[in-house]
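Shown next, in structure tokens, is the structure this report addresses.
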Amino acid sequence: MTAIVLIAVLGVTGLLCWPAERLGPRWPGWLAILGLLIDLAIVLGLWSQASASGPWLDAVRYAWIPQLGISLHFGIDGLSLLLVGLACVVGLVAIAAAWRERRQRDGLYYLLLLWSLAGITGVFVALDLVLFYFFWEIMLVPTYLLFLWGRDRQLRAAVTFFLYTQLSGLLMLVAILGLYVVHGQATGTYTFDFVDLTATRVDGPVTTWLLLGFWVAFAVKLPILPFHTWLPDAYSRAPTGVTIVLAGIMAKTAGYGLLRFAIPLFPEAAAGLAPAIMAFAAVSILYASWTAFGQRNFKRLVAYSSITSMGFVMLGAFASNDLAWQGATLQMLAHGLSIAALFLLAGALQERLGGTEFERMGGLWAITPRLGAFALVFALATLGLPGLGNFVGEFLVLAGAFQVSWFLTALAAPGLVLTTVYALWLIQRVFQGESIGGQRLPDATGRETLALGLLLAGLLWLGLFPQQTLDLVAPSLSALRPQVATTQQPGNDVVGVFVGDGELLVGTGVSPQGLRAPWDLGLPRAVPLDAPPTGTSAAISLVFPIEHYQPSRADVQGGGR
Amino acid sequence: MSGADLLAILPLLVLGGAAVVLMLAVALRRSLQLTLLLTLLALAAALACLAPAVGVAPRRVTGLLFVNGFGLLYVGLLISTSLAGALLAYGYAGKRGGQPEEAYILLLLATLGGSVLALSDHFASFFLGLELLSVSLYGLISYSRWRPPSLEAGAKYLVLAAVSSAFLLFGMALVYAELGTMSFAEIVPLAGQAGTIGILLPGLLLIVVGIAFKLAVVPFHMWTPDVYEGAPAPVTAFIATVSKGAVFALLLRLFGQIDLARYPALVFAFALIAVASMLGGNLLALLQYNVKRLLAYSSISHLGYVLVAFLAGGALGIPAATFYLVAYFATILVAFGAVGSLSDPARLRDADSLADYRGLFWRQPWLTVAFAASLLSLAGIPLTAGFFGKLYVSLAGISSPLWWLVVVLVVSSTIGLYYYLRVASIMFRRPTGRELTPAISWADGVVLAGLTGAIFFLGVYPSPLITLIQAALGLG
């Protein structure tokens with residue numbers, strides 16, 4: 001139930017914000033803060049209850065459209081919980097960033113902001129593919145309308161953003177429907193339920209296409225290389241609060257979708273495409289960090305830095321091992337905090353200088369030392385200074401990816417060097433060098449200091465005590481990732497086991513990543529646990545027992561079959 | 001004719017009788033309120049008569065009509081739509097004097113014609129229903145006779161509808177020449193037998209052309225924007241819903257039963273029409289700054305989506321198409337209801353320019369919510385009925401051999417999104433202060449509130465409607 005409460009709180013407070021503007025100009029804002037704080041409290045409450053009993057902290061399932069196999073299936077595990085928490089924090093920062101912007105129709109602004117966050121929360125807790133898609137789309141419309149408060153009269157950036165995400169989202173919908181049909185034809189159960197779909201996975205070449213359908217949606221939202229063109233305009237033209245939501249949390253829905261849905265649903269296709277996609281990610285990291293140099297605008301530079309960081313998420317997700325996945329999760333959390341801070345700073349500068357072009361800036365440290373100090377710290381976070389969260393994320397991703405492909409890891413790593421250079425260059429351009437003149441600008445206000453301080457505390461905590469976060473997400477991640485145990489078979493073949501819910505799959509191939517499916521060997525596709533396969537003793541006897549799974553299964557695997 | 005036969009067609013009898021009563025009533029005492037009341041009573045009575053009709057269904061009545069769950073579902077849908085249309089017409093015409101009462105007689109007759117189409121099982125009843133519908137529409141479209149575009153639209157519709165009827169009749173003649181029967185019940189099995197293709201195929205194709213004219217799908221869509229623009233907004237809503245819904249019901253009755261796989265040419269024709277409508281409608285709508293014309297092109301593409309479900313057919317496709325139509329009806333009624341409630345019939349044109357909608361939110365927040373909901377529903381955004389409609393149609397499409405049509409659907413609906421968003425976002429912009437601020441009548445308010453509620457309800461919980469449709473189609 002908690003999952004539904006989380007969404008409902010945001011939805012209802014959002015609705016209340018609209019009439020609340022009649023009570024006074026500040027009412028909608030405070031109401032929105034209240035709603036986000038309630039959600040944050042629920043998240044923290046759930047966290048304190050997290051135990052080792054299993055990944056799920058909360059799950060409910062109601063019939064929704066039983067005729068089509070669609071259910072209201074919500075679940076919160078460690079991964080969802082952390083990202084919902086991040087959504088609340090980012091939402092609060094977004095409100096703080098825009099607090100002083102003078103605007104009419106405050107109520108509608110906060111209504112749309114909260115609804116967009118409610119949609120994002122829904123994405124993080126939905127366990128039915130249609131439900132997931134439902135929220136995936138819901139978060140877009142309010143975000144689009146929020147662009148009306150920006151400086152872009154023609155809404156060009158908003159329209160580009162919307163059409164990109166909508167088209168890619170619809171391709172994902174086609175993939176979802178395709179999976180439904182293929183899975184139904186193979187197993188006889190027509191369902192959109194994530195748990196049922198992963199329990200009996202489908203196979204064959206069609207899964208590659210289905211995976212690509214999902215991947216395109218996530219690659220656009222994240223974004224990575226060929227799909228990123230909407231981003232610099234959208235991030236720099238949207239009002240500051242909206243940019244913070246877009247970069248801080250909405251991009252994370254894509255990373256989440258990869259870890260939760262795309263790869264667990266199609267592990268073999270993902271393994272097959274992994275080299276290509278990781279190469280995309282590596283090139284994307286390099287390209288974005290290189291392009292960042294060409295920017296003459298604070299916001300656009302930060303926007304490109306966001307592409308770099310998100311490239312690591314894609315890299316880690318497709319490296320598909322524990323280290324990389326944990327790294328990708330940490331990277332999402334840390335980047336959410338650091339990018340929110342950077343865009344908050346950009347907004348603060350825009351408020352003071354009237355724009356974020358570098359020509360307006362220079363030597364600001366002397367005028368606004370507190371803003372400068374914060375900017376320096378968050379720039380250091382972006383470049384991956386140890387002690388701050390981003391370092392842990394990037395390090396784990398690279399360590400995990402290295403196990404899969406040293407070459408691609410080596411290709412992506414220079415991106416970090418470039419990031420270091422442009423992050424420091426940014427500080428130099430804005431806060432050092434020749435001063436823009438004897439302007440007297442207000443330094444960070446109490447509100448800004450509070451928001452930035454909280455974000456910094458979060459980054460420090462992620463950087464210094466990552467284990468606490470990892471403990472929370474590790475069970476969720478290892479439950480999601482298909483477990484592959486390997487051993488050498490005579491003749492250099494590798495035998496592996498996929499374990500889903502209630503079935504055992506046996507496969508062979510050249511490497512854990514390129515695992516060949518059992519049906520290629522003439523083995524049964526899915527082996528029920530109580531009926532051992534026949535005629536396959538040679539292959540099966542070499543299967544390793546697998547951790548994370550119940551003893552009964554280990555018995556089966558250890559039984560010499 | 002037995003009592004059960006009469007019971008089965010009671011809704012039709014009520015509608016026909018009511019038209020006569022209304023004509024007499026208008027002759028005796030001209031009062032818009034009284035006319036509206038009688039119309040609403042008649043439509044409500046016809047709706048109530050569906051219950052006994054369901055009791056005796058399925059039943060073949062006089063060889064012309066076949067009353068079954070499917071037909072009655074569509075009759076119910078058409079009558080409910082007319083109910084909303086009658087209220088919208090009151091809200092529209094009530095703002096001005098003149099003599100709007102006779103429009104209600106035409107409305108009842110058109111509904112009767114549509115209902116006959118939905119129940120027809122014979123070329124004779126098919127043609128009778130279609131002409132009853134069309135002739136009533138000629139009058140309705142040019143009802144605002146002080147507006148030149150309205151007259152022009154009526155004339156255009158008259159000519160093109162007559163041409164399409166000619167195609168239809170010729171097609172029927174060819175089919176009759178080949179099979180020697182005009183009853184669907186006999187055509188369907190005969191068309192399924194081997195060796196009967198001959199001139200049957202050209203006959204069927206000509207019937208498709210006639211139907212496609214009425215559905216306004218590419219390349220038979222030319223009349224749509226002009227008629228949509230010229231007709232008074234409530235009439236446009238009526239054309240977009242009742243006229244198309246009735247013809248689509250007939251399409252399902254005739255072609256839904258024939259094994260299309262035996263006629264690749266027919267499948268090809270339908271697929272071509274579907275693709276051309278989806279892409280053509282959406283692309284042409286991009287060029288429009290007139291809201292009514294924009295909705296006309298959008299309706300072309302929406303019928304293309306429905307054809308995707310129709311082509312999928314079977315236990316998934318026909319409920320999907322029906323669900324889509326219901327969602328679309330509610331949505332388009334809200335859209336044209338909003339246009340109508342902003343329009344002044346005394347002016348030369350309805351409020352159909354994009355500029356009329358600028359900053360509407362700050363003057364009419366609730367009306368804007370309704371209109372925005374309908375636009376988002378047309379775009380297929382979640383929380384609105386259109387989302388599940390599109391999901392259902394795509395699901396049906398993707399499980400059929402013509403799955404690639406769904407890819408076209410996806411691409412074209414992304415194009416569509418662009419212009420829906422343009423209209424939606426203009427309503428939230430800062431007003432310029434030169435806009436219309438009409439008072440909205442209670443009748444418009446009731447319809448808009450009720451149907452917007454329905455759009456959201458279907459967008460959140462579509463399950464009951466799906467159950468109803470499946471039950472009516474006998475799919476359980």
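The figures here come from the full heavy-atom set of this structure, side chains too, leaving out hydrogens, waters and symmetry mates. Chain naming here is simple, since letters A, B, ... match the order of the sequence lines and numbering starts at 1 in each. Note that the structure is a prediction, hence the values are computed from the model and not measured.
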Atom [atom1] of [X] and atom [atom2] of [Y]: how far apart are they, to the nearest 0.5 Å?
{"X": "E137(A)", "Y": "L391(B)", "atom1": "CD", "atom2": "CG", "value": "10.5 Å"}
{"X": "Q166(A)", "Y": "L417(B)", "atom1": "CD", "atom2": "CG", "value": "4.5 Å"}
{"X": "F388(B)", "Y": "I70(A)", "atom1": "CZ", "atom2": "CD1", "value": "6.0 Å"}
{"X": "L395(B)", "Y": "Y180(A)", "atom1": "CG", "atom2": "OH", "value": "5.0 Å"}
{"X": "L145(A)", "Y": "M427(B)", "atom1": "CG", "atom2": "CE", "value": "9.0 Å"}
{"X": "I176(A)", "Y": "I398(B)", "atom1": "CD1", "atom2": "CD1", "value": "10.5 Å"}

Proximity breakdown for [X] and chain B, heavy-atom pairs closer than 4.5 Å:
{"X": "L68(A)", "result": "side chain"}
{"X": "V141(A)", "result": "side chain"}
{"X": "F192(A)", "result": "side chain"}
{"X": "L163(A)", "result": "both"}
{"X": "I138(A)", "result": "both"}
{"X": "F135(A)", "result": "neither"}
{"X": "F134(A)", "result": "both"}
{"X": "L72(A)", "result": "neither"}

Problem - Heavy-atom pair count under 4.5 Å with chain A, highest-scoring of P464(B), A379(B), P382(B) - result: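 Heavy-atom pair counts peak at P382(B).
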Handout entry: Exercise: identify the closest heavy-atom pair between I65(A) and S463(B)
Key =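 That would be CA-OG, 4.0 Å.
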Practice task
Provide the closest heavy-atom pair for W64(A) versus V460(B) in the form atom of the first, atom of the second, distance.
Solution key: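 That closest heavy-atom pairing would be NE1-O, 2.5 Å.
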Handout entry: I381(B) versus chain A, the contacting section by heavy-atom distance below 4.5 Å
Key =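 Answer is side chain: those atoms of I381(B) sit under 4.5 Å from chain A.
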Practice task
Can you tell which part of Y461(B) gets under 4.5 Å to a heavy atom of chain A, answering side chain, backbone, both or neither?
Solution key: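 Both parts, backbone and side chain.
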Exercise for the section: Measure centre to centre between the rings of W209(A) and W403(B), then say whether the value is under 6.0 Å. Expected result: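 So the answer is no for these two rings.
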Handout entry: Verdict with reasoning, S413(B) to L170(A), per side-chain contact (heavy atoms from CB on, under 4.5 Å)
Key = CA-CA 9 Å; S413(B) 80; L170(A) 282 166; 3.4 Å; yes
Problem - Atom OH of Y418(B): over 12 foreign heavy atoms under 6.0 Å - result: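 Result for OH/Y418(B): open.
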Practice task
Evaluate the ring planes of W18(A) and W366(B), with Trp represented by its six-membered ring, and classify them as parallel (under 30°), tilted (30 to 60°) or perpendicular (over 60°).
Solution key: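 Rings of W18(A) and W366(B): tilted, 30 to 60°.
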